[in-house]
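Notes for the one structure printed next.
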Amino acid sequence: MQRSTGLLVVTVLGLSATACGSGEPAKSTAGGAAPVSITVACQPAKSAPKERQAWDDDVATFMKAHPGVTVKSTDQQPCYDPKTFGPKLAGGQMETVFVVPVTNYNDVIGQGQALDITPYTSEIKNWNDLRPDVRQLVTKDGKVYGVPNVHYGVGLVYNRALFTKAGLDPNTPPKTWAEVREAAKKIAGLGAGYVGYGEYSGGNTGGWHFTQAIYGRGGSMVTDDGKKAAFNSPEGKAVLQNLHDMRWVDNSMGNKLLVGWESLMMAMGSGKVGMMLGAPDVVTDVVNKFKGSVADYGITGLPEAKASLSGGEAYMINPKATPAEAKAGLEWVDFRFNTAGKGRFDFARGKTLGNPVGVPDNDVYGDSATGKAIKQDRTANATLPVANYQPYVDAAATIPPKAEPVHAQELYAILDVAMSGVLSRQDANIDSLLSDAETKANSMLATKG
């Protein structure tokens, strides 16, 4: 999936180890220190001139406030590209400051491809406001290797306009899977081309959504030690049985197999799909990239959720960085990505640029002072109907996050087959699909060690 949060990505394989010496924090570049130059990832593309100019303005403001520091931006969108990430990392070509999706934290840290930034965390002024559970994701053996940048949980995205058209109350979205099934049947009953509930079946997206659903039901993808598959369980069977029945008994899922991130997003943007699992940024992408009507979409909590798949990304520092470069890099991360009212959190500027403002798509600060300031500013400058997302906000506060499994992408590819099976064959044998997937997953996990 091409998304900023990098949830669906290709696991980095065969990364070459690089020496990692963090040293002591460098002195400020001001006051006579030697000049330092850093490269930073994620400059917006030329095809988004307003956003690119805002980035360039931030670079200029930052350099003025940090004499002696030169920031060179990499023209790179999306910030994380699975096709280039592995080769760049293995070849030592990564920027001083680069983005790593949560699925790749362990690989990058374990291979020595991220600097130990423990001595530098004071450069992130609100470091202690970051959620402890999110900080723990970038911590290994008591050492810190990244600054969490995005964190979110999965919910149920739904089309409020279709709910109204189907005689459903958009202000009371489904809270159980039984209610999802009933709502989906009514939406599909609107006529040809209407789909009550949309789901993926391939391109790793099927297995990814299977993971979302099994987590919500209280199940797991792997055992606690990460060595065996755990999805061939009552919870896993319930996921596939529910989808099979919606597809073949209720006829509420349409007859097209959706493979790859864009396929379901395009369908959602068409205004003909009633519901799908997704994080809040689905709303932003449906409106921005797939021309959905901004007032139509709402998001609520994951039905009957015992846990919610969490996703996100962090900024990490190249292990080749000098102490001065590491310090300057984290000062940039602090300014651009971690300060309320500045950089990416300059919602007033985003509003003037015509960006969609108001989706609660990042809970990296929780209810800390920084988190509250960000939420207040986002609401004050909202260009989207924030009331449509309140059911998600209310539910998310009570649903514990659960991280993606080890070797997530390989597992997602394996579970694609099971998802495709129940959505393409009325006579699909769920027990056999899960048993076959379990065998393949256990073989893969054994190989990975």
Exercise for the section: Show your reasoning for whether salt bridge (charged side-chain N to carboxylate O under 4.0 Å, His left out) applies to D367 and K375. Expected result: CA-CA 9 Å; D367 286 329; K375 291 174 185 176; 3.1 Å; yes
Handout entry: Residues E325, K320; criterion salt bridge (charged side-chain N to carboxylate O under 4.0 Å, His left out); working and verdict
Key = CA-CA 9 Å; E325 291 168 347; K320 295 181 179 180; over 6 Å; no
Practice task
Determine, step by step, whether R349 and D58 satisfy the salt bridge (charged side-chain N to carboxylate O under 4.0 Å, His left out) criterion, reporting the C-alpha distance in whole Å, the side-chain angles of both residues, the deciding distance to 0.1 Å, and the verdict.
Solution key: CA-CA 12 Å; R349 178 174 65 184; D58 284 345; 2.8 Å; yes
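Side-chain atoms of S233 come within 3.5 Å of backbone N or O of G236 as a donor-acceptor pair. Side-chain atoms of Y194 never come within 3.5 Å of backbone atoms of V273 as a donor-acceptor pair (strictly under, hydrogens ignored). A side-chain donor-acceptor contact under 3.5 Å links N126 to the backbone of N338. In this structure, the side chain of N159 does not engage the main chain of Y297 through any donor-acceptor pair within 3.5 Å. In this structure, the side chain of T300 does not engage the main chain of L156 through any donor-acceptor pair within 3.5 Å. Not a single donor-acceptor pair under 3.5 Å links the side chain of N381 to the backbone N or O of F347. Side-chain atoms of T223 come within 3.5 Å of backbone N or O of K228 as a donor-acceptor pair. With hydrogens and angles disregarded, no donor-acceptor distance shorter than 3.5 Å links the side chain of S310 to the backbone of Y152. Judged purely by atom type and a 3.5 angstrom limit, S308 uses its side chain to pair as donor or acceptor with the backbone of V154. At least one donor-acceptor pair closer than 3.5 Å links the side chain of R160 to the backbone N or O of P170.
Aromatic ring centres of W55 and F62 lie farther apart than the 6.0 Å criterion allows. Between F98 and Y315, the ring centre distance reaches or exceeds 6.0 Å.
At least one side-chain heavy atom of V100 sits under 4.5 Å from a side-chain heavy atom of F85. Within the 4.5 Å cutoff, no side-chain heavy atoms of Y365 are placed close to those of V134. By the 4.5 Å heavy-atom criterion applied to side chains, Y197 and L243 are counted as neighbours.
In this structure, a donor-acceptor pair under 3.5 Å is absent between the side chains of D107 and Q111. N149 and R344 share a donor-acceptor pair across their side chains, judged by distance under 3.5 Å alone. Y412 and E404 are linked by a side-chain donor-acceptor pair at a separation below 3.5 angstrom, with hydrogens and angles left out of the test. A donor-acceptor contact under 3.5 angstrom links the side chains of S220 and K402, judged on distance only.
The residues R52 and D75 are annotated as salt-bridged, a charged nitrogen and a carboxylate oxygen being separated by less than 4.0 angstrom. Taking 4.0 Å as the cut-off between side-chain N and carboxylate O, D334 and K125 count as a salt-bridged pair. A salt bridge does not link K372 with D129: none of the charged nitrogens is closer than 4.0 Å to a carboxylate oxygen. Salt bridge K289/D285: present, at least one basic N to carboxylate O contact under 4.0 Å.
The stretch residues 131-141 participates, sequence neighbours left out, in these salt bridge (Lys or Arg N to Asp or Glu O under 4.0 Å) pairs: R131-D133, R131-D363.
For the atom pair CG (L257) and CG (L423), the distance works out to 6.5 Å, reported to the nearest 0.5 Å.
Results of the ring-ring contact (aromatic ring centres under 6.0 Å, His included) test with W261 over Y200, W208, F290 single out F290 as the only residue that passes.
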